Every structure is written in structure tokens, then in C-alpha cells.
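Since the structure comes first, as C-alpha cells, the remarks are kept for the end.
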Number of protein chains: 2
Amino acid sequence: MTSPHPSNANPPSTASSSPRSPEERSGDATRERILDAAENVFAKQGFHGTSLRDLAEAAGVTRSLIHHHFGSKEGLWIAVADRLFETYRAWQSSILREGAFGIEGFEESIRQFFLFLESSPNFVRLRAWTNAAQSAETPHRDLALLGVDRLRELQACGEIRSDIDPASALIGLFNLVEHWFQARTTLENRLGETLPGNHEFLEDLVRILIRGIRPCDGET
Amino acid sequence: MTSPHPSNANPPSTASSSPRSPEERSGDATRERILDAAENVFAKQGFHGTSLRDLAEAAGVTRSLIHHHFGSKEGLWIAVADRLFETYRAWQSSILREGAFGIEGFEESIRQFFLFLESSPNFVRLRAWTNAAQSAETPHRDLALLGVDRLRELQACGEIRSDIDPASALIGLFNLVEHWFQARTTLENRLGETLPGNHEFLEDLVRILIRGIRPCDGET
DNA sequence: ATCTGAATTGGCCGGCCGGTCAACCTCGAA
DNA sequence: TTCGAGGTTGACCGGCCGGCCAATTCAGAT
């Protein structure tokens with residue numbers, strides 16, 4: 001954003017903490033309000049299932065204002081996706097970089113990723129929409145490949161069985177956790193009370209995956 | 001001004017531009033043709049991303065004809081989904097009922113399900129859309145619960161470790177396979193040539209899952 | 001030959017879509 | 001006090017949407 005006067009970058013009214021103030025004329029606050037509302041609506045209805053009028057009503061603003069701040073419906077969608085994905089990227093990066101090494105680090109990654117998705121239903125649903133549309137999406141090759149490298153190191157140390165591709169293990173981890181939340185509604189319909197709770201499933205999943213990728217006794 | 005005399009205003013009888021096939025006047029054949037085309041378009045673009053005009057053009061018919069045969073856009077969507085889902089149901093049923101017993105039967109189920117999804121990309125994509133929309137969908141509780149029972153029997157025989165919920169194992173199986181195909185495009189962007197091929201991933205997946213759910217030596 | 005009913009068509013409708021525009025409001029800088 | 005820039009609004013546009021309908025075609029029964 002090009003600002004003609006960057007020297008004085010104070011918030012306009014210092015004590016505007018009241019959330020429902022009708023004199024909220026701050027562009028930044030309005031942007032945030034639109035983003036928050038759009039995130040919920042887009043996550044629920046997808047891009048094509050959502051109209052600009054839906055978004056304007058949810059945010060309590062006029063259509064023109066959305067266009068003023070985000071240029072177009074697609075611009076708003078991208079802004080929503082970028083914000084959600086940036087949160088995710090930061091999370092994943094911290095998991096991969098500061099996570100403990102060894103097989104315990106792998107287990108911890110599963111739990112962390114599970115808890116993150118559990119706390120971000122909008123992210124899960126937006127991912128489901130982009131999955132269905134098979135949209136290009138930002139690559140993040142670096143982080144994914146970093147994860148594969150981590151597993152490859154573990155494999156070299158004999159912590160992971162040698163007869164599987166580390167990429168398969170990584171994909172399995174991410175797919176299992178992500179699809180658990182994406183398919184939860186469908187699974188509830190099909191399994192009813194037989195469906196495990198979130199934490200029960202997480203523990204079973206960790207048990208299965210950890211034993212599944214470890215070498216057998218005496219195996220290198 | 002619109003002419004209020006529709007009786008003989010503009011006779012379009014002379015020289016119809018597109019010569020339709022003379023024998024193609026069978027209602028059933030047309031229905032099938034519309035269903036086939038709609039399956040491809042819906043799978044690619046989803047319900048809200050597809051217009052009746054898209055569908056008519058893809059099927060080579062007029063909009064009115066679609067309305068005549070299926071009542072509405074939603075009726076066509078449901079017809080497409082029903083046809084795909086019925087194929088899937090028959091498959092799953094045969095897998096669960098005639099599949100070999102024992103842990104080999106479980107392994108065989110993974111492979112069968114994998115091959116089925118590999119051969120039905122439209123089914124995979126339609127499932128992705130319904131997942132994202134979290135639409136109700138037909139329950140099929142019976143088949144899912146039958147699978148859980150199968151695994152519970154195996155667990156009682158000591159073929160499956162006792163410290164996991166059979167439902168978790170079943171969900172893991174289905175989620176892994178289905179999400180592999182649903183997320184394949186995204187994974188290609190992220191992993192590039194590091195992404196395993198279909199069959200390599202299937203074999204790794206079987207290895208991980210089978211060892212992951214088996215009891216340890218000496219364990220009941 | 002005639003009738004009949006389903007298959008099929010083009011044209012039309014009201015309504016919603018995303019987007020644009022000129023104006024208005026508000027407030028801080030000059 | 002003036003001024004201007006950004007925030008905000010409502011009205012408006014052309015176009016596409018799903019759906020509806022009267023008219024036409026045609027295969028097969030009578």
C-alpha cells in the first residue's frame with residue numbers, strides 16, 4: 001500500500017477500543033471486519049456459492065466498500081486465503097524447525113498438526129474447497145521438502161524402516177490428519193456413535209503410524 | 001417493442017441449423033448422454049461453479065431438455081451423484097462381503113479401494129465437493145458399520161492389536177486412500193518429482209498400515 | 001391415414017450476479 | 001478556515017442465472 005504520509009503512522013483515534021462504535025471509520029479496522037466475516041462465509045459456502053451480497057451483509061458493510069478495499073470478489077477470496085495460509089505456514093515452519101529430533105519429533109509433529117487443524121476449522125474448510133477445485137495454490141515446496149528431508153535423516157539413522165519412501169510417510173501423516181477434519185461430517189453420518197472422539201482418534205492414529213514406520217526388531 | 005403476436009411472427013421451421021441424429025430421439029439415450037456430460041462438468045467445477053448452460057453445451061442439448069428430463073439443476077446433480085454413488089456402493093459391498101477374511105482380507109480391501117478410486121476420478125472429485133460443502137449425503141451406515149465389525153472380529157482373534165479402536169483403523173484406511181487422490185494436485189505442487197507414483201504410494205501405505213495395526217510379538 | 005404423447009426446441013421472464021460511478025461524509029493537515 | 005484524501009454510500013448497468021412455456025417434431029399405436 002502506498003501511503004503519501006508514512007511519517008505519522010499512528011492509529012487515528014487512540015481509545016477506539018469499543019467494538020461496536022458507529023464512528024469506526026478506520027480503513028484498517030473495516031478491512032479486518034470484512035476479512036473476518038468473509039472467512040466464515042467463504043469457508044462455509046465456497047467461492048462460487050457465495051455472493052458479494054452475502055459477504056457484504058455478513059460484514060455489515062455495502063458491496064461498494066468491499067470492492068473499494070479488495071478490488072473484486074476474487075481479491076477478497078485471495079486475501080482471506082492468504083491470511084489463513086500465512087498462519088498455517090508459520091505454524092508448520094515452527095513445528096519443522098524447532099521440533100525435537102528423532103521419532104519423538106515425528107510424533108510431536110502429528111499432535112501439533114492435529115491440534116492446529118482442530119483450532120482452525122475455517123482453514124480446514126477452505127483447504128477442502130481448494131482441494132475440490134484443484135486450484136493451483138501457493139506451493140510451499142520448501143517446507144514440504146524440508147519435512148521429507150527430516151524423515152530421510154531419520155531413515156538413515158535407522159529410526160524408520162528402510163522399505164518405505166519417506167515422502168509416503170509424510171503424505172500419510174498430513175493426509176490422515178487433514179482428511180479427518182474434512183470428512184468428519186460425512187463420517188458422523190456413516191458411523192454415528194461408533195465414531196471415535198477427536199482425542200481418541202488422534203491417539204490411535206499416533207499408535208498406528210509410529211509402529212507402522214518403525215523398523216522391526218533386528219531390522220536396519 | 002415486443003410483438004404481442006406470437007402466432008406467425010417468425011417461423012424458424014426452414015433449414016434447422018444443427019442436424020440432430022435421426023435415431024437419437026430415444027429418451028433414455030439422451031438421459032444417459034446428459035448424465036455422462038454432467039458428471040464430467042460437475043466433477044470439475046462443482047455445483048455452484050457450473051451453469052445449466054455449461055451442462056447443456058457439454059451434452060449437446062438445449063437447457064429445456066435438461067429441465068424436461070431432470071426437473072432442475074439440482075435434480076441433475078442428484079442424479080449424477082446417485083449414479084456414481086451406486087457404483088461405489090456396489091464395489092464396497094462386494095469388497096466387504098466376499099473379501100477374504102483375516103489380515104489378508106484387510107490388505108486386499110486397501111488395494112481394491114485404491115484401484116477403484118484410481119479408476120473413478122469423477123467419483124473422487126464429486127466426493128471432494130460434497131466433503132467441502134459438508135452436505136448430508138446418503139448415509140450407508142450399514143456398510144461402514146459392517147467394516148467396523150469385520151475389524152472387531154479380527155481384533156478378537158488377536159490379528160489386530162488391542163489398544164486401538166477398530167473404527168480408527170477403518171477410518172484411517174479410507175481417509176488415506178481417498179485423500180491421496182483428492183489432494184494429488186496439491187501434493188504435486190508441493191513435492192514435485194519427490195511425490196511417489198500411485199503404485200509406490202499404495203505399497204508404502206499397505207506396509208505402514210498393516211504393520212501399524214498388527215500386535216507386537218508376544219502381544220495378545 | 002390419423003391420432004397421440006413423449007421428445008425437443010427457441011424464446012422469454014424476473015431476478016440476482018459482479019462491477020462501476022458520482023457523490024457524500026469525516027477528519028487531519030495546511 | 002480551507003482543503004483534500006481516503007472512507008463510505010446508494011443507484012445503476014449489462015449480463016448471466018435457473019426456470020417456464022407454447023410450439024414443433026416424430027415414432028409408434030390405432
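In this text, all values refer to a predicted model and were calculated from it rather than measured experimentally. We use all heavy atoms of the structure for the numbers below, so side chains are in, but hydrogens, waters and symmetry mates are not. Letters go in sequence order (proteins before strands), and every chain restarts at 1.
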Next on the checklist: Distance criterion of 3.5 Å, no angle test: do you see the side chain of A/Arg63 paired donor-to-acceptor with the base of C/dG18?
Outcome noted: no
Checklist entry - For the residue pair A/Pro166 and A/Val148, what are the closest heavy atoms and their distance? => result CB-O, 4.2 Å
Next on the checklist: Could you check whether B/Asn40 and B/Asn122, counting side-chain N and O atoms only, form a donor-acceptor pair closer than 3.5 Å?
Outcome noted: yes
Next on the checklist: Could you report the tightest heavy-atom contact between B/Arg63 and B/Ala56, atom names first, then the distance?
Outcome noted: N-CB, 3.9 Å
Next on the checklist: Nearest to the B/Leu65 side chain among C/dT20, C/dT9, D/dG19, which nucleotide is it?
Outcome noted: C/dT9
Next on the checklist: Does anything in residues 70-83 of chain A come within less than 4.0 Å of DNA chain C? Heavy atoms only, and list the residues if so.
Outcome noted: A/Ser72, A/Lys73
Item to check | Distance test, side-chain N/O of B/Ser64 to OP1/OP2 of C/dT9, below 4.0 Å | outcome: no
Item to check | Atom-to-atom span, CG of A/Leu52 to P of C/dT20 - whole angstrom | outcome: 11 Å
Checklist entry - OP1 or OP2 of D/dT8 less than 4.0 angstrom from a side-chain nitrogen or oxygen of A/Thr30, does that happen here? => result yes
Checklist entry - Using the ring of each side chain (for Trp, its six-membered ring), is B/Phe181 parallel, tilted or perpendicular to B/Phe114, with breaks at 30° and 60°? => result tilted
Checklist entry - For A/Ile66 and C/dG19, what is the distance between atoms CD1 and P respectively, to the nearest whole Å? => result 11 Å
Next on the checklist: If we ignore hydrogens and angles and just use 3.5 Å, is the side chain of A/Lys73 paired with the main-chain N or O of A/Phe47 as donor and acceptor?
Outcome noted: yes
Next on the checklist: Tell me whether the side-chain N/O atoms of B/His69 come closer than 4.0 Å to OP1 or OP2 in C/dA7.
Outcome noted: no
Next on the checklist: On a heavy-atom basis, which atom in B/Ile208 and which in A/Ile213 lie closest, and how many Å separate them?
Outcome noted: CD1-CG2, 4.0 Å
Item to check | Donor-acceptor contact below 3.5 Å, side chain A/Arg125 vs main chain B/Ala132 | outcome: yes
Checklist entry - Does A/His67 or B/Asp28 map to a spot on DNA chain C nearer the 5' end, using the closest nucleotide for each? => result B/Asp28
Checklist entry - Should A/Arg53 be listed as having a side-chain N or O under 4.0 Å from OP1 or OP2 of C/dC16? => result no
Next on the checklist: Expressed as a whole number of angstroms, how long is the span from A/Arg33:CZ to D/dG7:C1'?
Outcome noted: 12 Å
Item to check | Flag, side chain of B/Ser119 to backbone of B/Phe116, donor-acceptor distance under 3.5 Å | outcome: yes
Item to check | Positions of residues 42-51 of chain A (non-hydrogen atom under 4.0 Å from DNA chain C), listed by number | outcome: A/Thr50, A/Ser51
Next on the checklist: When you measure from the side-chain N and O atoms of B/His68 to the phosphate of C/dT8, is any distance below 4.0 Å, counting only OP1 and OP2?
Outcome noted: no
Checklist entry - Where do A/Ala169 and A/Ile164 come nearest, in terms of heavy atoms and distance? => result CB-CD1, 4.4 Å
Item to check | For A/Pro196 against B/Ser168, the heavy-atom pair lying closest together | outcome: CG-OG, 3.5 Å
Item to check | A/Ser93 side chain to A/Arg89 backbone, donor-acceptor under 3.5 Å | outcome: no
Under 3.5 Å, which protein N or O atoms sit close to an N or O of nucleotides 22-26 of chain C? Give each pair with its distance.
unit_1, atom_1, unit_2, atom_2, d
C/dC25, O2, A/Arg25, NH2, 2.4
C/dT26, O4', A/Arg25, NE, 3.4

Checklist outcome for this item: Between B/Trp129 and B/Lys44, the two heavy atoms sitting closest are CZ2-O, 3.7 Å
Checklist entry - Can you tell me how far C1' of C/dC17 sits from CD of A/Glu57, to the nearest Å? => result 16 Å
